[in-house]
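Read the structure below first, then the notes.
Just so it is clear: chains get the letters A, B, ... in the order the sequence lines come, proteins before strands, and each one is counted from 1.
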Amino acid sequence: MAYGEARPGAAARIHSLRALPGRPRPRSWGSAPSQVGRRRIPDDDETPMATPGTDPHAPHAAGCCDTTDPRERGPFPLSTLRHSVSHLMASAVAKLFPGAKFGFGPAVEHGFYYDIEIPPGEDGEPRALEEKDLRRIEDEMRRIAKKAGAMQCLTLTRDEAKARMAAQGQSYKVEAVDLIPAGEAITFYRHGDWEDLCEGPHIDRFDREFAFQLTTVAGAYWRGDEKRPMLQRIYGTAFWTKEDLAAHLAWLEEVKARDHRKLGTDLDLFSTHDEAGAGFVFWHPNLGLVRREIESFWWSEHLARGYEPVYTPHVVREKLFEKSGHLQNYADLMYSPMDIDEILYRIKPMNCPGHILIYKSRGRSYRELPLRWAELGTVYRYERSGVLHGMLRVRGFTQDDSHIFCTPEQLADEIAGVIDLIAHTLRTFGFQFTAYLATRPEKAIGSPEVWERALEALKAAAAKSHLALVLDEGGGAFYGPKIDFKVRDALGREWQNSTVQCDFNLPERFDLSYTDKDGAHKRPIMVHRAVLGSFERFVGGLIEHFGGRFPLWIAPEQVALIPIREQHADYVRELSGILKADGFRVGCMDEAGHMNKKIQSAEKARTPYMLIAGDREVAERTVAVRRRGSREQTVVPFEKFHGLVKALRASRSLELPAPAG
RNA sequence: GCUGCUGUAGCUCAGUCGGUAGAGCACCUCCUUGGUAAGGAGGAGGCCACGGGUUCAAGUCCCGUCAGCAGCUCCA
């Protein structure tokens with residue numbers, strides 16, 4: 001999945017959960033220590049929401065222990081259970097595949113995994129695990145759980161630990177010992193006849209009641225390094241009760257049912273083509289209508305906030321990207337140059353250099369600033385084939401890009417304005433969000449002082465807007481720090497779209513200036529920002545957020561009209577004409593055929609409202625209104641329905657109310 | 001890019017041991033005039049992803065390429 005995965009840093013956080021320093025440990029096997037005082041791994045629903053009035057510099061709340069998750073009803077935290085079940089799985093694998101070598105096996109957001117090197121089969125060929133192996137492993141896990149007894153813990157010195165793992169042929173574990181920071185206890189956990197280097201904590205015994213399932217197997221590099229061997233990663237999940245496990249599996253089904261790639265074909269929204277190449281999305285008319293509505297909302301918001309439209313070319317001379325620093329810092333993601341009359345050109349991976357050229361086309365006065373220039377700019381970036389994913393990760397996409405050129409005094413207000421616009425836009429689509437402050441990455445241009453100034457400006461603006469920030473160390477763009485917004489969708493998954501970036505570097509590189517009151521030439525500051533991020537990713541996410549059930553204002557077809565018999569078709573056509581004249585997207589199902597079939601087909605198309613008309617409706621000039629997803633019908637005068645949809649459209653309502661009878 | 005898996009009609013899938021292609025839905029035509037989620041009959045639709053190879057014979061076996069899927073790594 002490209003979304004809903006563990007949050008950035010989650011894995012690292014898990015591995016860094018060390019035992020409490022100074023805690024005495026027995027040098028022989030003892031019972032497992034309790035997890036009191038240990039940090040636990042955040043679970044599904046714990047991402048902190050950015051709430052007004054909280055300290056913007058407060059640490060990530062995800063590290064804390066309080067939870068309201070009703071599934072946390074067991075004797076130990078869910079993450080502890082899952083970590084223990086990963087051990088249980090490892091012991092089963094060790095039994096079924098003698099000689100297996102183990103890497104890391106932590107709990108993660110929705111379950112756990114263990115990275116394992118399975119030894120070659122008897123024929124000497126490498127052995128890849130399959131689905132049916134997972135079932136075998138599960139069976140073995142159940143057998144071991146029954147007779148494993150208590151979980152025991154042992155603390156050893158570094159040398160003892162290494163020798164112990166080396167004796168068992170566990171080379172990855174030997175390496176893992178060295179990763180444990182000095183001064184921290186080195187512990188082993190044991191159940192039955194299997195032991196594992198592990199920081200714990202664990203549940204006390206396996207003959208408790210719990211439910212688990214192994215879900216998938218995939219490759220994963222040892223220690224996440226693509227230059228190191230690839231191990232096989234088995235994913236699984238565990239809960240305290242069968243009901244919770246079943247609920248989780250049902251949730252996974254719901255995720256699958258909302259997959260934008262599936263809905264993309266089912267609802268005729270978009271396609272991709274071998275013939276066109278990977279990572280390029282073709283928007284069908286249905287999704288074109290959705291996009292057009294969003295664009296028009298976007299433009300009206302931007303024009304109202306003082307943005308002005310600009311348009312820039314897709315292909316420009318390579319020299320421009322040399323000057324901007326893209327060639328030095330971004331070349332891996334850029335398409336190869338093309339030679340036109342012996343001059344090298346490039347397809348743009350970003351819109352900023354183009355906007356800078358417009359700025360430089362003449363002298364600028366302080367009176368003009370701030371300049372807010374907006375473009376729905378299509379860019380192309382090379383992405384490695386394995387990362388492409390439907391509309392969510394593509395090679396060509398349209399950013400809702402803007403660049404604000406302003407004075408240092410205006411900077412905080414400008415950023416605050418962007419934050420307000422982002423918050424307003426995201427709420428319009430029913431998203432909640434979290435804001436992350438991303439700092440200087442390793443590959444960057446500009447001096448540390450300049451970066452510090454930019455960072456301070458972002459923090460100040462966030463404080464002004466009462467926006468809580470979560471720190472994302474080293475996550476900035478190469479030219480400046482940024483605030484990224486991650487939205488939470490209807491299924492609780494996180495997506496990154498919006499971003500606001502503070503840039504002192506490109507103005508420097510391009511020698512941008514404006515003439516100030518005193519006649520001096522001064523350097524403007526650039527703010528790069530995207531609200532939706534890219535239309536591809538945003539709309540792909542929107543499809544899943546709504547499960548294809550778009551709110552009325554963006555739905556491709558808003559109203560379906562269904563006559564009961566052919567003689568009602570004229571009436572239905574008349575109503576259709578009225579709604580169409582008012583700008584509604586209407587499906588008039590006046591062709592021959594059965595009503596039930598038409599109802600089904602409109603329901604499948606996720607059309608918000610169906611209007612059904614028979615003798616009664618024609619006689620009274622009413623319509624029988626049926627809402628998407630509901631079998632109820634309300635008969636109201638047509639004019640009343642018309643008024644309702646007008647109001648819903650105007651307010652961009654997320655609701656789909658029944659008309660008041 | 002890496003590891004594993006997959007690719008048959010618009011969609012979902014069947015196709016046995018290698019013997020020349022099948023279903024349901026969707027689509028088209030005709031019949032059906034039906035009060036709230038599939039009326040009936042018929043028809044059309046396939047370079048079995050693409051390119052090589054093995055074989056008397058390949059959707060089926062082998063190799064390569066492309067694309068997709070689950071992850072890893074990286075991002076709007």
Spacing of Y221(A) atom OH relative to rG1(B) atom C1', expressed in whole Å =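 Whole-Å distance recorded here is 6 Å.
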
ask   = Are any of the side-chain heavy atoms of S324(A) and Y330(A) separated by less than 4.5 Å?
value =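 No, their side chains stay 4.5 Å or more apart.
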
query = Is there side-chain contact between R381(A) and M334(A), with at least one heavy-atom pair below 4.5 Å?
reply =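 Not touching, per the 4.5 Å side-chain cut-off.
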
Sugar-phosphate only, base, or nothing, as touched by [X] at under 4.0 Å among non-hydrogen atoms:
X: G533(A); value: sugar-phosphate
X: A530(A); value: nothing
X: K482(A); value: sugar-phosphate
X: G614(A); value: base
X: G277(A); value: nothing
X: E536(A); value: nothing
X: A602(A); value: nothing
X: V394(A); value: base
X: M595(A); value: sugar-phosphate

Looking at [N], does its base get a donor-acceptor pair with the side chain of [X] below 3.5 Å?
X: R384(A); N: rU73(B); result: yes
X: R537(A); N: rC75(B); result: yes
X: S534(A); N: rA76(B); result: yes
X: E617(A); N: rG35(B); result: yes
X: R393(A); N: rC74(B); result: yes
X: Y382(A); N: rG1(B); result: no
X: R626(A); N: rA37(B); result: yes

inquiry  = For rA76(B), is there a stacking contact with F538(A), counting only centres under 5.5 Å and planes under 30°?
reply    =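 Stacking is absent between rA76(B) and F538(A), given that the ring centres and planes do not meet under 5.5 Å and under 30°.
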
[X] side chain N/O closer than 4.0 Å to the phosphate oxygens (OP1, OP2) of [N]?
X: R381(A); N: rC75(B); answer: no
X: Y235(A); N: rC72(B); answer: yes
X: Q633(A); N: rU36(B); answer: no

inquiry  = For F429(A), is there any backbone N or O sitting under 3.5 Å from a side-chain donor or acceptor partner on H545(A)?
reply    =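 Confirmed, H545(A) side chain pairs with F429(A) backbone.
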
ask   = Among Y172(A), Y114(A), W222(A), which one satisfies ring-ring contact (aromatic ring centres under 6.0 Å, His included) with F102(A)?
value =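 Testing each of Y172(A), Y114(A), W222(A) against F102(A), the sole residue satisfying ring-ring contact (aromatic ring centres under 6.0 Å, His included) is Y114(A).
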
task = Give a yes-or-no answer on whether the side chains of R291(A) and T398(A) include a donor-acceptor pair shorter than 3.5 Å.
result =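 Short answer, yes.
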
key: Gap in Å between the two C1' atoms, one belonging to rG7(B) and one to rG15(B), rounded   =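 That atom pair is separated by 15 Å.
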
query = What is the per-nucleotide protein-contact pattern of nucleotides 5-12 of chain B, from the 5' end, where B denotes a base atom under 4.0 Å from a protein heavy atom, S denotes such proximity for sugar-phosphate atoms only, and - denotes neither?
reply = --------

request  = Determine which bases of RNA chain B form Watson-Crick or G-U wobble pairs with both distances under 3.5 Å, and write the result as a 5' to 3' dot-bracket string with | for other-strand partners.
outcome  = (((((((..((((.....[..)))).(((((.......))))).....(((((..]....))))))))))))....

key: Residue list, side-chain contact (heavy atoms from CB on, under 4.5 Å) with L267(A), at least two apart or on another chain   =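 L267(A) satisfies side-chain contact (heavy atoms from CB on, under 4.5 Å) with L263(A), L269(A), R606(A) only.
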
